[in-house]
Amino acid sequence: MAEEFYNNSYNNIKRLSDEELEALWKEYFQNRSNKKVRDTLIVQYIYLTRYVVGRVKVSLPPTFSVEDISSYGVEGLIDAIEKYTPDKGARFETYALMRIRGNIIDKIRSQDFLPRSARRKIKDVKQAQEQLRQKFGRPATTLEVADFLGMEPQRVDQILAEDTSIGSIYEKRGTSDDSVAIIDTIQDEHRLTPAEAMEEKDVKSELESALKRLPERERMIMVLYYHENMTLKEIGDAIEVSESRVCQLHAQAIMKLKNILSENRVERLQRTIV
């Protein structure tokens, strides 16, 4: 019921045009204490919260309701609007998605609905996994962990499934002095050479400059499609246009980017010749 109410409320929002939204931001930057303008911005960007909630809720147990997660997301959106400054170069949508997702994760981390006995069993299984990893020099299988703890493999899977904690790739494995962070154990199979890294940096810089020259709506579609991995249908639902229209705008944006990048290459060539 809460999710249905959330979706219905979202569908009743009247979207402002790109020009109206830009004017609203200018008014807010001139006076950040204007709560009416801030609240209007919150309503206009609530679709970002809806998108993050939809992605997060599928991996959480039923103890977290859509209403709870949505409230965490709205808090993150409000924080993003109040702290956003365009002079840093980041798109608001990109900045807000990070703040919304971060606030939801922080709130979930601060809550632990498992009893101590269940949390203790999870700790025992994880310690067994670590001991066996050090012994074998590789991650242990479920069967090996079960044999080590003297329980059924299905029970090991069940215990781990109850673990709703959210880890970080910067957390360390093990408790010894020589333990390393998880991120340091991830093999980089696609490491670029210095020359390739420099070339990629130039390409990204050129692409970012080209993106800024696109109309607001087309630029938003590119960000949501390529950066946030949203489908064309999801983007259409978010900005309240048909999927076919999103496809058309996406194709227009691609063509414009190609023209802009081609124009930039010609200009660089002319400067080189001169």
Side-chain angles (χ1 to χ4, degrees), residues 1-4 6-7 48-77 79 96-192 227-231 234:
M1 180 64 69
E3 184 172 5
E4 182 180 353
Y6 182 68
N7 289 332
L48 297 175
T49 300
R50 182 172 180 254
Y51 167 70
V52 176
V53 169
R55 293 298 179 93
V56 170
K57 70 176 183 179
V58 297
S59 60
L60 294 177
T63 48
F64 291 95
S65 68
V66 173
E67 188 176 23
D68 289 337
I69 304 173
S70 299
S71 67
Y72 304 154
V74 172
E75 289 176 8
L77 176 60
D79 186 57
L97 285 169
M98 291 189 296
R99 303 291 300 191
I100 293 169
R101 187 182 294 111
N103 194 69
I104 291 175
I105 291 175
D106 287 343
K107 291 290 186 179
I108 293 174
R109 277 179 171 170
S110 67
Q111 303 178 49
D112 191 348
F113 295 96
L114 289 177
R116 289 184 179 180
S117 58
R119 185 60 64 193
R120 185 164 53 249
K121 291 176 182 177
I122 292 172
K123 183 179 179 180
D124 290 342
V125 170
K126 290 190 172 183
Q127 286 181 340
Q129 288 177 324
E130 175 61 20
Q131 291 179 36
L132 292 173
R133 186 191 67 80
Q134 293 181 4
K135 177 181 179 181
F136 300 141
R138 59 169 175 77
T141 65
T142 301
L143 182 59
E144 289 169 339
V145 174
D147 289 340
F148 183 83
L149 294 173
M151 62 176 63
E152 294 295 323
Q154 293 84 354
R155 180 55 181 156
V156 173
D157 290 334
Q158 181 182 358
I159 291 173
L160 291 176
E162 293 174 348
D163 183 17
T164 59
S165 62
I166 300 178
S168 167
I169 59 174
Y170 298 100
E171 292 177 355
K172 290 191 173 182
R173 284 178 169 171
T175 57
S176 61
D177 294 336
D178 59 348
S179 60
V180 296
I182 295 175
I183 191 173
D184 294 328
T185 67
I186 302 174
Q187 183 179 0
D188 185 1
E189 298 178 348
H190 305 284
R191 188 177 183 85
L192 300 176
H227 188 273
E228 296 303 325
N229 297 320
M230 291 177 67
T231 65
E234 288 173 333

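Being a predicted model, the structure only gives us computed values, none of them experimental.
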Practice task
For L77 and I100, work out which heavy atoms get closest and say how close.
Solution key: N-CG1, 3.6 Å
Fill in the blank from the handout: Taking every heavy atom of E152 against every heavy atom of A146, the minimum-distance pair comes out as C-CB, 3.9 Å
What distance separates [X] [atom1] from [Y] [atom2], expressed to the nearest 0.5 Å?
X	Y	atom1	atom2	answer
I104	T49	CD1	OG1	7.0 Å
D106	R101	CG	CZ	12.5 Å
D157	T142	CG	OG1	4.5 Å

Side-chain heavy-atom pair [X], [Y] within 4.5 angstrom cut-off:
X	Y	result
L97	Y51	yes
L149	R155	no
D79	N103	no

Exercise for the section: Start with the C-alpha gap between Q158 and Q154, add the side-chain angles, then the distance that decides, and say whether side chain to side chain donor-acceptor pair (under 3.5 Å) holds. Expected result: CA-CA 6 Å; Q158 181 182 358; Q154 293 84 354; over 6 Å; no
Practice task
Determine whether the side chains of Q127 and Q131 contain a donor N or O and an acceptor N or O closer than 3.5 Å.
Solution key: no
Problem - salt_bridge(E144, R138) N-O dist < 4.0 Å - result: yes
Problem - Under the side-chain hydrogen bond (donor to acceptor under 3.5 Å, both in side chains) test, residues paired with D147 that sit two or more places apart - result: none
